[in-house]
Each structure stands twice: as structure tokens, then as C-alpha cells.
Amino acid sequence: MAMEKTFNAAEAEPRIYEMWEQAGAFKAGANATRDETFCIMLPPPNVTGHLHVGHAFNHTIMDMLTRWKRMQGYDTLWQPGLDHAGIATQLMVEKDLAETQQPKRTELGREKFLEKVWEWKAAKGGTIEQQARRLGDSMDWSRSAFTMSGAESAPTTEKPGNFHDAVLKVFVEMYNKGLIYRGKRLVNWDPHFETAISDLEVENIEVDGHMWHFKYPLAGGETYEYVEKDEDGNVTLRETRDYISIATTRPETMLGDGAVAVHKDDERYAPIVGKLCEIPVGPKEQRRLIPIITDPYPDMNFGSGAVKITGAHDFNDYEVAKRGGIPMYNLMDTKGAMRADGKPYAEEAAIAQAIANGEQEFDEAMIAAMNMVPEEYRGLDRFEARKRVVADITAEGNAVMVPNPLVGSTHPTEDDGRVGDNPREDEPAMIPFVEAKKIMQPFGDRSKVVIEPMLTDQWFVDTAQIVGPALDAVKEGRTKIMPESGEKVYYHWLENIEPWCISRQLWWGHQIPVWFGPSISNGDLDYQSQKQFCATTEAETLELAKAYYAPDFDVEVSELGEFIQLQSGQREVAVTGIGVHSTALGENSEAGKTYALIARDPDVLDTWFSSGLWPFGTLGWPADDEAMKYFPGDVLVTGQDILFFWVARMMMMSEAIMGQEPFHTVYLHQLVRDAKGEKMSKTKGNVIDPLDMIDAYGADALRFSNAQMAALGGVLKISEDRIKGYRNFGTKLWNAFSFADHYQIAYPGDPARPAATQTLNKWIIGETGKVRETVDAAMEAYRFNDAADALYAFTWGKVCDWYLEFSKPILQGDDAAAKAETDQTLRWVLDQCLILLHPIMPFITEELWQQAGSRAKMLAHADWPTYTASELVDADADREMNWVIDLIDNVRSARAQVHVPAGAKVPLLVTGLDAKGQSAWDNNHVLIQRLARIESLSHVDDFPKGCVTIPMDGGTFGIPLADLIDVGEEIARLEKTMQKLGKELGGLRGRLNNPKFVASAPDEVVAEAKANLALRENEEAQLKAAIARLQEIG
RNA sequence: GGGUGAUUAGCUCAGUUGGUAGAGCGCUUCCUUUACACGGAAGAUGUCGGGAGUUCGAGCCUCUCAUCACCCA
């Protein structure tokens, strides 16, 4: 049966994958012949995700490692799975609901909405798992995990799993150890999704903004001498002021100011430190007065040097406010609109004033409840409020004014053709001081809206307590990060780690297993002071609560979640509302008893909290599962952009829970870019879809391209031309088999390596030994590009270019023994190509493997070779074949350069051929004559005039072409060679003549230089002689 | 502003203890020679970003300047 002309990837790949999967080829432990495990955890893609080039790249790396180890007989597991991806999935489902005219999330309610999410997941989730099969990924699909498996809301149709148990167990354990706490902190709030997000999910983008300058009048009309000096201390401005000038890019937050801060060394403001000034906005009757304080934060050289402090809406201000005990007034609701709840502004302002005057005690909860937004701004969007605030302040005359630069200038003249006589008489002399400037603004990476720093109650992991072991694991080398630069970045981040905010105001996710109830004070229930109960189930929680409230009170579980929905204002208000809404008492409650109402926190955990448990949560933990033998795993392969998001968190969580690092090696790679090095984006239209590449060139070509660009730490630029090139490589391999087919070489299967007698066969067997060592060394060092390059060079450059060509005379010849040996060697070598290439190009290699009559195992399970170069290389055969190749190369090159017709057979002459050269010729003259198109060889004492000269080690060859060649051209050719040689000779002689080199360089380097010099000098002599001969003619 | 990395052939990139530069693609010329035109043969192209230093010797080590990229503020 003749082979097809090329490999039909589109037809073969699905068929081969199906065969592997049916055979259970990728199941955990498949093909294991030893006890050592090798485990890679797939970074779980979002359940909403699709395969992109980044996945294609890192899947290739993981699959190469996994297939390699599996063939070596390790007990292998590549663990797949999906991440529930809180925000992304919730968003996707909400969009879906909108598109299909279904009720909105809020209309459905939590339970119904979660049903919809699960429905969505069942119908559309996880398409990426099908796409990954097209890449040839050898994951154990039967073990595919999901970070929400086993959740209370999961329908029975879902694949069973217990990831949820792991998440809750870890939370409770960490909570009980004091590693998790709840607190009111400034967090990044996404007003679109109405949830806190991590600072890593915030993109800071430079945008055009404005800096407004306003006057904050001093209380009671006080004045002071304001003096400005230049660098030399000369007074440049001296005036009496009754205000302090403040610069801000966010005027709407002035309403929440708690103080004005200046630097303690700032002489300009020294006279007024400790005094009060007025926030120049809001009803005139209730203007708030705030203190002028000192703090290290203000930069004396920036703006006016005075900073307004709004602790609840700015991260820097928050720190200042904490240091100075300044109240932090929360101005906005969850949508980023100005608050509309709470008491009338006049009442709130009065309380705030009492606080500022030091007449009123305050605590966090009380401040949080206060709404400092005057009635006229309440309910406005934050950006609308900004406009109104600016307009109102300016109208009242509290904007800092500067001379109008347009006054005295003229209107542009292009429009009306008038020249120079069009003064702007309509311009005011002074205008408000507003600087247009670039400001860094935070945006949600998913919502793309401006993130608002918000003071809210959130759950935190006290990372400071668990970061130590994660740092030590890398510092002590138990976990290695590749490339090494990643380690520095890792240290830097972990050493400056912030508390990790793990609560999200979403519904899709692991609901936090904490219930709030009133505390008992003075024998009564106090709903103002919360008591927390944390346990993995409601039943356990009830036990905890009962124990706390007994014997005086009984316990009832309420639905805090519903309260939250009913409140449009701050969620804190809702939380403190427990007990107020006591209507939620269940039907079974007994009359006459007093119940403590407890309610579960409605928030869910950050998705990264659950994916932090991926290295063991996927293996059945906390159950005593057999799969736990794969923990700790071996290698983590992921993009360096999620070093913090995920890698660091897995490290911390594994150390905290399991007391071990989750893997010994972290392989980080860069973002995959387009061929020009630009990020791919839909808007730019430069997105390359890996599936398109597979359709066009086959998965193997894409994979080879990925392997080849996987230089450690390298920039990843994917190029279609390159992928095409590797498709061609696959075809080359295919044709090597059709070569064997053509020569009707038997292929019974699993050929053994023959004890070769033919030099040719000895040589290629040795080359195979070398490449096996190179490939393994490269794989062990995670230098996948080196492995790919070595295999490419071997398969194409050695096997196809030379070995197959050399074998032709034998295969066509009459020496049956030599032919039989060569048949077997050829089959063996080609088999080795398949085995060694299989981790990179699994499909085409498996297809070719299956062409053999019978096989002990499929290629995916073939035994990875262990032979070494020292075992297989025959030094004499090596030297001889390289000499033959050299001679052929040189003859071909000389012929081409002097324009000998490609088809013409020419006679060859030789002088001074030594014994080794003679025997190399004798052994291989058939090959040489065939490939270099040589008619005959004659020994001569002197070359005739007009002869192309080919210097070789052990003899000088020549092609007598007196009448055919252009003498001048041949001289030019030789002289050019001489020039190159001259450079080398100069370097070598220079070094060897330098006594310091001989004295200080290592012996072998000196010896090598000497040997090299001898060779070159010999060559030089031959060339000189040749040139001289030619010049005689000329 | 801080950190990390980069700058090597026309393009995209390798270059592992410092020993004198490579690959793929592209380009030029020739070749339908029975495995392969997704092929074969031959060929051209580099003051390794600039400068200084250490060394017998620097693409590689040190310093400095320039440009760029990414991450964090």
C-alpha cells in the first residue's frame, strides 16, 4: 500500500486522538513502569474561556514534559480542570439572560440565578476542553476538576467532585488559626460589578485629567502672611491670605474631607498648622470646618504643597487619615453615585463638626453610617457631582484665579483672513486655575470603568503570617523559578505583600462560611456588636451558635442576603440591620422564646482563593484519596503575568495547609505576541487563533513552532511563516518514510538496533546517540527550543540529507548482507526519530508509527531510549563519514562556483592522499561519486594547469577543467577563501605568539589552537599552490 | 518615580562556567536527478546599540549613556 503524498492532518488528528482517548492512554499512571510520579497541574482556564495562542503555547510545553515522562515510565498525571471565574462567568450569564429576554439577575434572586449559571455551564462552559484535544494534549480528562464542584448549588447532573469542601475546610482552618479576618479597609471597588476587586485586577492607565485649585477659607476669617521663596531663599511672593490653596483632581471627594495636611517642614503653612479651615462647598450655613495637620505625605514641591485628606476615597489619604485619627467619610454607594441614604445633611454636618472640634466621640461604624453629601448632590453620579461641585465653588469665588493668557492676544486669523487686529475683548481678565494634565487612573480590567477606592467591610487573609514559608521555599531552592529573574520579582512582591482581600460581592462563587449574630452583652442580645460563627456547614454553625447563646437564647438562621438586596445604600447599613428585620423568624420557632438571629455573609470568595488550592484540591483533598500521591506536583507552567495572582498564592496556601511547596519548578513564560511583537487584541485585528493554525497546518506544526520559540525568558512572537515551515518539516519526515516505502524496506515493527558493520550505519547510529543525549539534556534544563532545534537538525540535516542519500547505493546494490543491515538500521533510526519527536509532534509520529506491521505499544507509550553517545559513537566511522561529507560539500561548492553544469560528471584528481584519506575514499567512493557527480579519481603528482583546487585534510583534490573554467574567476574564488582563512590564521597566530596566552589559558585551549593552526596552515599552503598554478596560465 | 528585561544577518530569534558568532524565514543563482518543489544544490549579508573598563582574550563580566518593552507605583 503506497503512502499518501503528505500527512493529512485534518483527517488523521481527530482519529488518532480518539484512539488515544479510547485506549485510556493519558489516564493517570498509564504506561507507568516505575513508582516515581510526575504531575503537572494545568492552570485552570476560565469555564467561559476559549483556547488562545497563550494556552496553545503553554499546553505544548506541559504536554511535551508529560509525554516525555510518560514514555520514560513515570507514573504520570497531567491534571486538567476549569476555574469558575466569578466575575467573568457572572457577567457572561447576565449578558446571556439579557440577550434572551429573561429576567435580570436581581429579579431572579440568588438561588434562581445560580441555577441559571449552572445551566449555562452545562450548555456552554468548558469548550476549551474540546479545543485542547485538538492540540493533542495528553491530560487525564476523566479527572477534570472544577473549582465549584460539590457546591451546595450544584445540580445533580454535574460531575461529582469535592473542590468546594476543600475551599470551605481551608477557610475554616485558616479562620480558626487567625489567618483570616474581617475588617473595614479601603479596597478597589468596581462600581460596574459592584464588588471589591484585587489590586491585581486593576489597570492603571494614564488619561487626560484636570487639576483644580481651590481656596479653603480659614475659620473665622483669620489671615496669615503667605511667603514664597525661590531656591536661594529670596522672597518671590508675599501676601496676606485668608485661605489655604488646595489642588485636587477629584473635587467631588471634597465633601468627605477630614483634614488638610501639609508637610511639617513647609514654612509657608507653619503659621496656620492646627487651625481650622472651611470646605468651600455645600450649604453656606453648614460649612464644615476641618483641621490643618502635618504629615510626611504631602510633597512640598507639588501643587500648593497642601493636600486635602479624604480617607475613604484615596489610598494615600487613607494612610494619612489612619495616622492622624482623621474620620473617613464614605460618600458613594455601590454604583459610584453620591450617597442618598442617611440623615439630612444639616444633621450629619453638625455631628461631623462636633467630631472635628473634638467634642464628640466617634467610632468606625458611626462614621461609616454618616452621609456627608449635601442634599443637592445626593444621588448624582460621581462624575456629574464633580462638575456641579466645581461650578458651585467657582461661582462662589473660591476657585484660585490666574490671569487669562488669552487677554491681549488675538483670535486666530486663518478663519476670517483678518490679520493681527482681532483682539479678544470679550475675555475676562482672570480665570479659574485649572491645569490640564495626565493623571494615572485606575480601571477595572474587566469592567473598564474607573475604580473607586471604597471603605467597606471585607474579608482578608493576613498574608504577612503565611508569606514566610512561601518565600523560604524559593530562597532555599525547594522551588525553582525559571527563568531566574522571576525569583527576584517573586521576592520583591512577597516581601512587600499587602493583606489579601478575599471577599467579593458576587453570587457565583464559594459563599463565605461565616454567620453573623448579635453578641451577648450584659445578659442581652446586642445586635450592634457582631459575633461571628465560622464552620463548613450551617448545621455545625448552629451548634457553635447554640453553644454561645445557651442557655438564655435559642438560635434561628435568617436570610441576610435578602436584606442586602433591599438596601440601596451602603451594605454596612444592611449588616448592622440584623435583628431589625426580625420578621424572618422561621415557622418552627417557639413562642415565648428569645431568638438570636444569625445570618450568613452573602459574599463569596475571590476566585484566586479557590484556585490557590488547585495543587491539592484537584487530587481529592481533603478526602484521603489515592490521587494524593501526586502531591506535591512537579512543574508549574504558566505566564509570568500571573506569578502574583496565582503562583504566589498557591505557594502560600500549600505551605499553610499542607506544609509543603506544591511543585519544585515554576516555568514562567511571557505573553505570546504577534510576529511584530505586539500584543494581540481584537481591536487591532492581529489576533491569531490557534485553531486556525491547526486547520491550516496541523497541530504538530503549531506545537513545533511553540517548542522552538520556547527559549527561557524569551519573547514569544508567533509567526505563521514559521508554523508553515514546521509543517514542511513534518512533510519531510513523512517523506523519509515514503522513501523507505519506495525502496520496499520491510517494516514489521519495533526494529532492534543492529550490530552494524557498515561505516555508514555505525555513523548514523552514533549520531542518534548524540541527539538523544542532547534532547534529554535540553528537556531536563527546560530548554525546549534546544530540543526542537536538535531534532530538526538531526532529522532533516543528518538523516534525510545524508543518511538516506548514502543508503541508496547499498539499497540498490547487490550486497545482500549490507542491504539487510542497512534496512534494519534505517528502520531503527526512523523509529528513533518518531520516538524523540513524539513529545513535540505527537500526531504525525503516531501515524507513522502505526504503519509498521505490529507494535508492542502505541507510540504514546513507547519506551524512551536511554542509550548514550559514548555507547553508540564509533569514532572511526564518525571521522570517516564527516570527511566524506566534507569532501562532497567542497566539491559541490567548487563546482557551483565555477559554473560546472549541475548534471555533468567530472573527473577528480588527488595529490598527496594519505592512508586515512585513501581508505575513506575506498570505503565510500560510490557515495562520493554519486553525490558529488564524480566520474573517476586519478592520483597525480602535480595538478595540470587550470584546475579547481579542493584542499582537504589528508590530501588535495582537484578538478581538471582547463578549458571549461574561467581562470580569473577561480583565482578570485580561492583568494576569497584565503581572505577568510587569513583572518582565522591571524587570530590563531596572534594568540599563540602571545606568551601571556600560552601561559594563562587552559592547556586544552592552547592545544586546540595549535591543532587548528596546523590544519589551517596546511590548507593555506594548498591554496597558495593552487593560486600559483593558475597564475602561470594567466 | 521604582523594578525587571531587552538591543546579535533584511525579518523573527538562539548563543548554558569569557576561547573569537548560529538557526528558521526571506533573498540571489541553478536544478522537474524515480522519498520529498511543503523539495534539492550553491550563495550573499553582522565594527553582536554607543563609549569606557577588567582580561592573554569580551556577544557573554563591570561601569556609563541611548533607545525600547513589560511589571509595580
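Each chain gets a letter, A, B and so on, in the order the sequences are listed, and its residues count up from 1.
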Touch class at under 4.0 angstrom, heavy-atom based, for [X] against every strand present:
| X | value |
| --- | --- |
| A:F729 | nothing |
| A:N890 | nothing |
| A:Q812 | nothing |
| A:L804 | base |
| A:R892 | sugar-phosphate |
| A:K724 | nothing |

Can you find a side chain N or O atom of [X] that sits less than 4.0 Å from OP1 or OP2 on [N]?
| X | N | answer |
| --- | --- | --- |
| A:N728 | B:rG39 | yes |
| A:Y743 | B:rA35 | yes |
| A:K5 | B:rC38 | no |
| A:S893 | B:rA41 | no |

Between [N] and [M], how far apart are the two [atom1] atoms, rounded to whole Å?
| N | M | atom1 | result |
| --- | --- | --- | --- |
| B:rG10 | B:rA44 | C1' | 12 Å |
| B:rA35 | B:rG24 | P | 24 Å |
| B:rG51 | B:rA58 | C1' | 15 Å |
| B:rA14 | B:rC25 | C1' | 14 Å |
| B:rC68 | B:rG22 | P | 32 Å |

Counting only distance, no hydrogens or angles, is the base of B:rC25 paired donor-acceptor with the side chain of A:R722 under 3.5 Å?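 Under the 3.5 Å cut-off, the side chain and the base do not form any donor-acceptor pair.
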Do A:R933 side-chain and B:rU33 base share a donor-acceptor contact under 3.5 Å? no
Could you please name the option among [options] that lies closest to any side-chain atom of [X]?
| X | options | value |
| --- | --- | --- |
| A:A896 | B:rA42, B:rC56, B:rC38 | B:rA42 |
| A:T731 | B:rA37, B:rC38, B:rG40 | B:rC38 |
| A:H742 | B:rU34, B:rG39, B:rC56 | B:rU34 |
| A:R991 | B:rC38, B:rC56, B:rU20 | B:rU20 |
| A:D801 | B:rA14, B:rG40, B:rA35 | B:rG40 |
| A:D786 | B:rU16, B:rG39, B:rG24 | B:rU16 |

Backbone N/O of A:A699 and side chain of A:E13: donor-acceptor pair under 3.5 Å: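 Present.
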Hey, does the side chain of A:Q929 reach the backbone of A:E935 with a donor-acceptor pair shorter than 3.5 angstrom? yes
Spacing between [X] atom [atom1] and [N] atom [atom2], to the nearest angstrom:
| X | N | atom1 | atom2 | result |
| --- | --- | --- | --- | --- |
| A:D789 | B:rG22 | CG | C1' | 10 Å |
| A:R895 | B:rU33 | CZ | P | 15 Å |
| A:W796 | B:rA23 | CH2 | P | 15 Å |
| A:Y491 | B:rC72 | OH | P | 20 Å |
| A:D741 | B:rA35 | CG | P | 12 Å |
| A:L830 | B:rC36 | CG | P | 16 Å |
| A:D886 | B:rA42 | CG | P | 12 Å |
| A:F7 | B:rC38 | CZ | P | 18 Å |

A correct dot-bracket answer for RNA chain B, with pairs being Watson-Crick or G-U at under 3.5 Å, [ ] for crossing pairs and | for inter-strand pairs, is (((((((..((((.....[..)))).(((((.......))))).....(((((..]....)))))))))))).
Kindly assign one of parallel, tilted or perpendicular to the pair A:H669 and A:Y667, based on the angle between their ring planes and the thresholds 30° and 60°.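 The rings of A:H669 and A:Y667 sit tilted, inter-plane angle from 30° to 60°.
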Is it the case that A:K475 places NZ or CZ above or below the six-membered ring of A:Y491, under 6.0 angstrom from the centre and within 45 degrees of the axis? yes
Is [X] salt-bridged to [Y], going by a charged N under 4.0 Å from an acidic O?
| X | Y | answer |
| --- | --- | --- |
| A:E720 | A:R727 | no |
| A:D776 | A:R772 | yes |
| A:E1020 | A:R989 | yes |

For residues A:I61 and A:F784, determine if any side-chain heavy atom of one lies less than 4.5 Å from a side-chain heavy atom of the other. yes
For the residue pair A:F7 and A:F843, is the inter-centroid distance of their aromatic rings smaller than 6.0 Å? no
